Structures are given as C-alpha cells and as structure tokens.
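First comes the structure, then the notes that go with it.
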Amino acid sequence: MTAETKERLIGVLLVVALVVAAVPALLQLGWHLRLFVGRAGFPLDLEWMEGGMLIHAQRLAAGQGIYVKPTLDFVPYLYTPLYPALLALLSFVFPLDYLLGRVVSLLALFAALVLLGALVLREARGLARVRRLFVALIAVAGAAAFVAAFDLTGGFYDLVRADSLVLALEALTLWLMVRGRTWKSAAVAGLVITAAFFTKQTASIMGVGLGIGLLIVNWRRGLVYGAVAAAALAAGVGLLVKTSDGWFWTYIFKLHQSHGYRWGVIWGLVLPDTLKYLWPAVAALVIATVTLARTRQLRRTDVLLWVAALAGVAAAGVGYSTRWAFFNAYIPGIFFPVVAASVLSGRLLLHALDHRRWLVAGPTCAVLLGLAWQNQHITRPPLAAHVPRRSDTVAAARLLDRLRSVPGNVFIPFHTYYGALAGKRTFVHRMGIRDAEMGLGRPEGLDQALRDQFFSAIVLDWKTIPGEFPFVDSRYHPWLPLREGVDSVRMFAGAQTSPNALLIPTREPPPLPPGGRRLADFEAGIWQNFGSEGQAFGNKPAPAPPGMYGRFAADSTRLGPAAQGALRSAPFTVAEAHLRFVLAGPADPALRVVLLDQGKVVRTASPNGAAKVIDWGTSELVGRSVVLLVEDQSPTGGLVVDDIVAY
C-alpha cells in the first residue's frame with residue numbers, strides 16, 4: 001500500500017466514523033425537539049414545583065418579597081432568586097405563565113449547547129470550511145449526548161425551574177475562562193459565576209472548581225476571578241440579607257444547611273448512574289486526552305476542561321446527596337464531561353486529518369465511535385411518558401373548571417398555581433411547608449386555618465403523607481375523587497404525584513330541638529332503615545357535598561346525573577309535629593321527596609337549587625305509620641338529602 005493510498009484510506013475511515021457519530025446525534029436532537037415542543041404549552045404543572053416558581057415570580061413582579069416570614073400565604077423555595085426575578089422582569093412584556101417559564105429554560109438550554117459548540121468550534125478557527133464542518137458535527141454529537149440525558153436527569157431541561165439557566169451561566173463562565181487571555185475576561189467570569197450562584201446555590205461547587213482550574217492555568221487571572229466573584233457574592237448576599245430583614249440568610253444558608261446529607265449516595269448511586277450513562281463519552285475523553293498528550297497536542301487550558309468535568313460530577317454528587325433532591329442534580333455531572341470529551345475529540349480529529357498515521361487515526365476512530373455509541377445506547381424516551389396527550393389537556397381543563405366552581409378559598413398545597421389559574425387566592429406550597437418545618441416550625445396561620453375551616457375546599461395529591469396536614473382528617477372530608485386522565489393530571493417530569501381528592505369542610509348539624517329525634521343522618525356510612533332502589537343512590541351513602549352535614553348524605557348524583565332510582569325508608573310512626581330535612585338539587589319535577597301514608601302522597605318537596613331546609617308540619621299525622629321516599633326519575637339531574645329530623 002502506497003503512502004498516498006494509506007492516507008486516503010485513513011481519511012475515508014475518519015469521515016465514515018464521523019458520520020456514524022453524527023447520525024444518532026441528529027436523531028436524538030430531532031426526537032427531543034419534538035418532545036420539547038409538545039410540552040411547552042401545557043396549561044398545568046409538568047413537575048409539581050413549577051407553579052410554585054411562578055408564584056415566586058408573581059410576588060416579585062408585584063413588588064413583594066419572597067424571603068419573608070413563613071405564613072399561610074407563602075414560604076419560599078430554598079433557592080436563590082435570579083430565575084424567578086428574570087420571569088418577573090419579563091412579565092412586564094409577556095404574560096407570566098408556564099409557557100414563559102419554559103421558553104426561558106429552553107433558551108437557556110440552547111445557550112448552553114451553543115457555548116458547548118463554541119468551545120468545540122474554537123479548535124477549528126481559521127481552518128477550511130470542510131474542517132469546520134467536521135468539528136461542528138462533533139459539537140452536534142456532544143450536544144446530543146447531553147440532550148439525550150433528559151430522561152436520566154428527571155426531565156428538567158424545559159421546566160419552569162432554574163436548572164437550565166444556571167447551567168448556561170456555568171457554561172458561559174467556562175467559555176470565558178478558556179477563550180479569554182486577560183484579567184477582564186476573568187473578571188467577567190467572576191460576575192457570571194456569581195449570577196449562577198444567585199440562580200441556584202449548587203453553582204458554588206462549579207465556581208470553586210473552575211476557580212482552581214484557572215489558578216493552575218494562569219494564577220493572575222485566577223486571582224482576579226476569585227476576587228471579583230467573592231466581592232460580587234458578598235455584595236449580593238449583603239443586599240438580599242438587608243432588604244429581607246435577614247430572611248434570605250435564614251432560608252438560603254441556615255435552613256438549606258439543615259437538610260440532611262446522604263453522602264453514601266455519591267458512591268452508591270450518583271457515580272454508578274453517571275458512568276452507566278456516560279461511559280462511552282468518558283472513554284472518548286480518556287482516549288482523546290492520552291492520544292493528544294502522546295502527540296504533544298494538549299494545551300494548558302485543557303486543565304479547565306478536566307476540572308470542569310470533575311467539578312460537574314462533584315456538583316451532581318453533592319446536589320443529589322441533599323435530602324429531597326431529585327435527578328436534576330445530575331445535570332452538571334453529564335454536561336461538563338461531555339464538553340471536555342467533545343472539545344478534545346474535535347482537536348484529535350483535526351490532528352488525525354493533518355497527520356494520517358494509524359497510531360493517531362485508530363484512537364480517533366475509537367473516540368468517534370464512542371461518541372456515536374453515546375447517543376446510540378440511550379433509548380429515546382417514549383413521548384407518552386413525557387409529553388401530555390390531548391386527553392391530558394382536556395382533563396386539565398376539567399380540573400380547573402372544578403376549582404372555579406368551588407366558592408371561596410381553595411387550598412392546593414401540591415400545586416399552588418392552580419389556584420391562580422382558577423382566579424383564586426394562592427397559599428403556601430407543600431415544599432415550603434416541609435422546608436420550614438426543618439428549622440422554623442409550621443407556617444404561621446396554616447394550622448389555625450385548617451382548624452377553623454377557613455378553606456372552602458382542599459385538593460390533596462395521592463402522595464400526601466397521613467397526618468401531615470393537621471385537622472384535615474377531623475375537620476374536612478373527601479367529597480369528590482379526582483382521577484388521572486379524567487379530571488386530574490399526573491406529572492410528566494420529576495417526582496410522580498397528582499391530585500386525587502377534593503375535600504370540603506365537615507359541617508356539624510344543628511342541635512336537635514327539644515324532644516326531637518334524628519331519623520337519619522347517614523353518618524354510619526351504610527343504609528340504616530332505608531333501602532336503595534335502582535342505581536342512583538348506590539349501595540351506601542355518598543360523601544356529603546357542600547351544604548350538607550357530616551361526612552355522608554343521600555346523593556343520587558354519585559354515579560352521574562343520568563342514573564335513576566329511589567331511597568325508601570322503613571315505615572315509622574309519626575310522633576312529632578314537624579319533619580325537617582336538608583334538600584339540594586336542580587329544579588326538576590322528576591326529583592322529589594314524598595311522605596307516603598299507606599301509599600298515598602301526603603307531603604312532597606322538590607329541590608330548586610342550593611341546599612335548603614324543608615320543614616313539614618305533621619301534627620295531623622301523629623300516630624300514623626308513614627314512609628319517606630326520596631325519588632330521582634330525572635335523566636339529567638339528581639338530588640341530595642341529609643339530616644332528617646322529627647321534632
């Protein structure tokens with residue numbers, strides 16, 4: 001084989017390997033683009049803390065603080081404020097809603113990927129267009145490798161959460177360090193990493209790691225970076241502490257540190273998960289580094305790439321080890337190793353194209369195939385798992401309609417922003433309650449409000465821990481079940497939960513009049529002294545709806561308005577002058593309550609809307625044996641009866 005043939009063969013092999021790396025990358029990017037578009041406009045939480053972040057932004061836009069005393073109304077998340085502050089600022093131009101927050105996160109994700117590409121393409125600056133195209137394909141492979149970790153990292157890239165914004169700022173910090181040469185770029189990097197910290201505290205780990213790397217590469221720039229970052233951090237913290245009367249420090253430092261750490265998960269879960277996902281890219285990074293070192297192509301600034309990769313993994317480990325953390329903590333542990341692998345792979349490819357020797361081409365092909373396998377070995381997440389369907393949008397509309405139909409205040413601790421969407425006052429988020437309990441106690445006014453039945457309704461998720469909301473069990477009762485896909489929607493990212501019950505206050509019945517007796521209140525949960533006919537009333541009393549007393553009532557709508565049937569009492573002897581009961585339902589002559597004396601109707605009543613007390617005079621029936629019949633012959637409505645009293 002001639003030298004020319006060998007060089008041509010090596011060139012062909014390198015191009016083929018590059019194409020093999022690019023194809024699965026393009027497929028991953030296209031698949032996830034479809035996923036992001038399908039999720040962006042969904043009108044409810046994709047993840048259970050999204051709406052709470054919008055509440056933060058609402059407060060800031062209204063000039064209210066977010067670091068305030070924990071109360072019934074609000075407790076902040078234990079995050080720094082830049083992301084909700086950005087949403088609040090944009091809300092003066094765009095509507096403040098889920099779409100705005102998700103678009104901001106998607107733009108931040110795009111910025112992070114562009115910065116990854118800029119670092120890779122920097123290797124080909126000044127070269128021919130074809131060479132730049134080759135390197136760009138490696139950048140695409142790297143970007144896809146990170147995007148494909150969407151499922152592994154909990155599906156957080158496009159949420160109304162700070163994760164993508166903090167990643168973009170960290171990536172910008174690395175880009176400034178690698179690209180810059182003067183103290184000015186180091187100073188700007190210090191300001192950017194400070195902004196990252198004020199977006200999410202875990203940026204501090206990346207900031208320290210990158211600072212160490214910069215000190216190794218250029219100690220003067222490292223000192224400038226550290227000094228500027230420290231000064232900006234001190235100024236920002238001081239300002240927030242002063243303007244919040246110290247509550248910023250309480251939440252972001254004291255309370256955040258009160259969360260326990262599970263250090264064992266770093267070795268037992270984070271590192272194994274990361275390596276299981278990233279092993280092809282890690283292998284590519286190691287092979288590229290060794291080959292570039294052997295061919296004297298490494299640069300001093302490559303220290304920054306390796307330090308960023310290690311700092312990213314450290315940030316993932318520390319983040320996930322925090323109590324209640326989720327897999328979004330893995331994000332920097334995936335992104336920065338991929339950046340390092342992509343940059344060094346791009347440089348190695350260019351060197352192999354310039355020096356077509358098998359000792360360089362072989363490792364280069366291995367690196368490219370590693371990047372190819374990185375995007376191939378990860379199964380594309382099924383859209384059904386992450387993208388709401390049309391039926392979910394319909395269920396979301398039904399849930400909001402249900403909330404709007406409830407008069408008064410509704411407490412929705414898992415999804416606080418649903419209250420705002422229903423035009424109601426919002427209250428503290430369940431995450432805020434649990435955070436406050438770690439060091440500040442229960443939010444002021446919350447337990448009193450539950451005890452006093454301040455809320456007209458409470459919506460709880462199936463993930464509610466028994467007893468976590470005092471007085472709910474004793475002062476409220478389940479009224480309507482909420483079913484996923486019907487009038488409730490599951491989460492499509494993060495921890496799984498969904499609303500599953502709407503509770504209303506349990507009202508005590510009025511005291512019995514002197515000499516009165518309660519013929520039925522249905523509180524035993526079974527039909528006592530009554531028999532059910534047909535389907536409408538079912539085989540036991542239904543949860544008492546608004547306007548009724550206790551926990552149970554006779555409700556013919558439990559199976560839907562079309563069901564028909566009757567509830568017939570056992571014969572009883574009239575011994576009092578009055579018979580009263582509570583009646584509710586639409587005005588419909590086919591809905592009625594009748595008193596039968598030997599089959600003859602002697603009293604009748606029909607509902608005409610909201611619950612009302614029906615009081616019959618029965619003095620002329622004293623001593624007679626009668627039957628009370630509750631009848632639903634309507635195909636379009638039903639009636640509710642409760643608290644039947646003779647006096």
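For clarity, every value in this text was computed on a predicted model and none was experimentally measured.
To the nearest 0.5 Å, atoms CZ (Arg221) and CE (Met177) are separated by 7.5 Å. Atom CE of residue Met491 and atom NZ of residue Lys463 lie 10.5 Å apart, to the nearest 0.5 angstrom. Note: Leu210 CG to Phe336 CZ = 6.5 Å, rounded to the nearest 0.5 Å. The distance from the CE atom of Met53 to the CZ atom of Arg161 is 5.5 Å, given to the nearest 0.5 Å. To the nearest 0.5 Å, atom CD1 of residue Ile331 and atom OH of residue Tyr157 are 6.0 Å apart. Atom CG of Leu78 sits about 3.5 Å away from atom CG of Asp435, to the nearest 0.5 Å.
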Please walk me through it: do Glu50 and Phe42 pass side-chain contact (heavy atoms from CB on, under 4.5 Å)?
-> CA-CA 12 Å; Glu50 274 196 306; Phe42 188 63; over 6 Å; no
Run the numbers on Ile458 and Leu450 for side-chain contact (heavy atoms from CB on, under 4.5 Å), then give the verdict.
-> CA-CA 10 Å; Ile458 298 174; Leu450 294 172; 3.7 Å; yes
Going through the checks in order, is the side-chain contact (heavy atoms from CB on, under 4.5 Å) test met by Val472 and Leu503?
-> CA-CA 9 Å; Val472 166; Leu503 296 82; 3.7 Å; yes
Test log, rule side-chain contact (heavy atoms from CB on, under 4.5 Å), inputs Trp247 and Leu440 = CA-CA 11 Å; Trp247 284 107; Leu440 300 174; 4.0 Å; yes
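In plain terms, the two heavy atoms of Val166 and Ala196 that are nearest each other are CG2-O, 3.4 Å. In plain terms, the two heavy atoms of Pro337 and Pro332 that are nearest each other are CD-O, 3.8 Å. Here the closest non-hydrogen pair linking Ile378 and Gln28 is O-NE2, 3.1 Å. The minimum heavy-atom distance linking Gly419 with Thr426 is given by the pair C-CG2, 4.3 Å. Heavy atoms only, all atoms of each residue included: Met206 and Ala308 are closest at CE-O, 3.8 Å. For Ala493 against Leu159, the heavy-atom pair with the smallest separation is CB-CD1, 3.9 Å.
Classified by interplanar angle (parallel below 30°, tilted 30° to 60°, perpendicular above 60°), the ring pair Phe414/Trp48 is tilted. Taking the six-membered ring where tryptophan is involved, the planes of Phe327 and Tyr320 are essentially parallel, since the angle between them stays under 30° and well short of 60°. Taking the six-membered ring where tryptophan is involved, the planes of His415 and Tyr418 are essentially parallel, since the angle between them stays under 30° and well short of 60°.
Ser91 places a side-chain N or O within donor-acceptor distance of the main-chain N or O of Ala88, the cut-off being under 3.5 Å. Looking only at distances, a side-chain donor or acceptor of Asp97 sits under 3.5 Å from a matching main-chain atom of Leu99. With Arg102 contributing its side chain and Ala40 its backbone, the two residues share a donor-acceptor pair below 3.5 Å. Proximity of a side-chain donor or acceptor of Asn328 to a complementary backbone N or O of Thr153 within less than 3.5 Å is not detected. In this structure, the side chain of Ser488 engages the main chain of Pro499 through a donor-acceptor pair within 3.5 Å. Judged purely by atom type and a 3.5 angstrom limit, Tyr330 has no side-chain atom pairing as donor or acceptor with the backbone of Asp273. A donor-acceptor pair under 3.5 Å is formed between the side chain of Thr80 and the backbone N or O of Phe197.
No side-chain heavy atom of Ile66 sits under 4.5 Å from any side-chain heavy atom of Ser244. Taking the side chain as every heavy atom from C-beta outward, Met49 and Phe326 never approach each other to under 4.5 Å. Residues Val224 and Arg220 form no side-chain contact, since every pair of their non-hydrogen atoms from C-beta on lies 4.5 Å or further apart. Counting heavy atoms from C-beta on, the side chains of Leu44 and Leu421 come closer than 4.5 Å. Leu285 has its side chain out of reach of Leu305: every pair of non-hydrogen atoms, C-beta onward, lies at least 4.5 Å apart. With contacts defined as side-chain heavy-atom distances shorter than 4.5 Å, the pair Thr322/Thr202 does not qualify. By the 4.5 Å heavy-atom criterion applied to side chains, Trp175 and Val339 are not counted as neighbours. Side-chain contact between Asn409 and Lys424 is absent, with no heavy atoms from C-beta onward closer than 4.5 Å.
Taking the six-membered ring wherever Trp is involved, the centroid distance between the rings of Tyr476 and Phe455 does not fall below 6.0 Å. Separation of the His429 and Tyr417 ring centroids does not fall under the 6.0 Å cut-off. Between His386 and Phe150, the ring center distance clears the sub-6.0 Å criterion.
A donor and an acceptor atom, one from each side chain of Tyr98 and Asp45, are located under 3.5 Å apart. Donor-acceptor pairing under 3.5 Å is lacking for the side chains of Thr497 and Trp462. Under the 3.5 Å distance criterion, with hydrogens and angles disregarded, a donor-acceptor pair is assigned to the side chains of Tyr83 and Ser105.
Residue Arg39 places its CZ atom among more than 12 non-hydrogen atoms of other residues, nucleotides or ligands, all under 6.0 Å distant. In Arg425, the CZ atom is crowded: over 12 heavy atoms of neighbouring residues, nucleotides or ligands sit closer than 6.0 Å.
Judged by a 6.0 Å distance limit and a 45° cone about the ring axis, Arg59 is positioned over the six-membered ring of Phe74.
With sequence neighbours excluded, the residues satisfying side chain to side chain contact (heavy atoms under 4.5 Å, CB included) with Pro413 are Phe411, Arg430, Leu460, Phe469. Trp263 pairs by the ring pair (Phe, Tyr, Trp, His ring centres under 6.0 Å) definition with Tyr261, not counting sequence neighbours.
Ionic pairing of Asp392 and Arg490 is not present here: no N-O contact between side-chain nitrogen and carboxylate oxygen is shorter than 4.0 angstrom.
Shown are Phe335, Tyr277, Phe110; of these, the ring-ring contact (aromatic ring centres under 6.0 Å, His included) with Phe146 is made only by Phe335.
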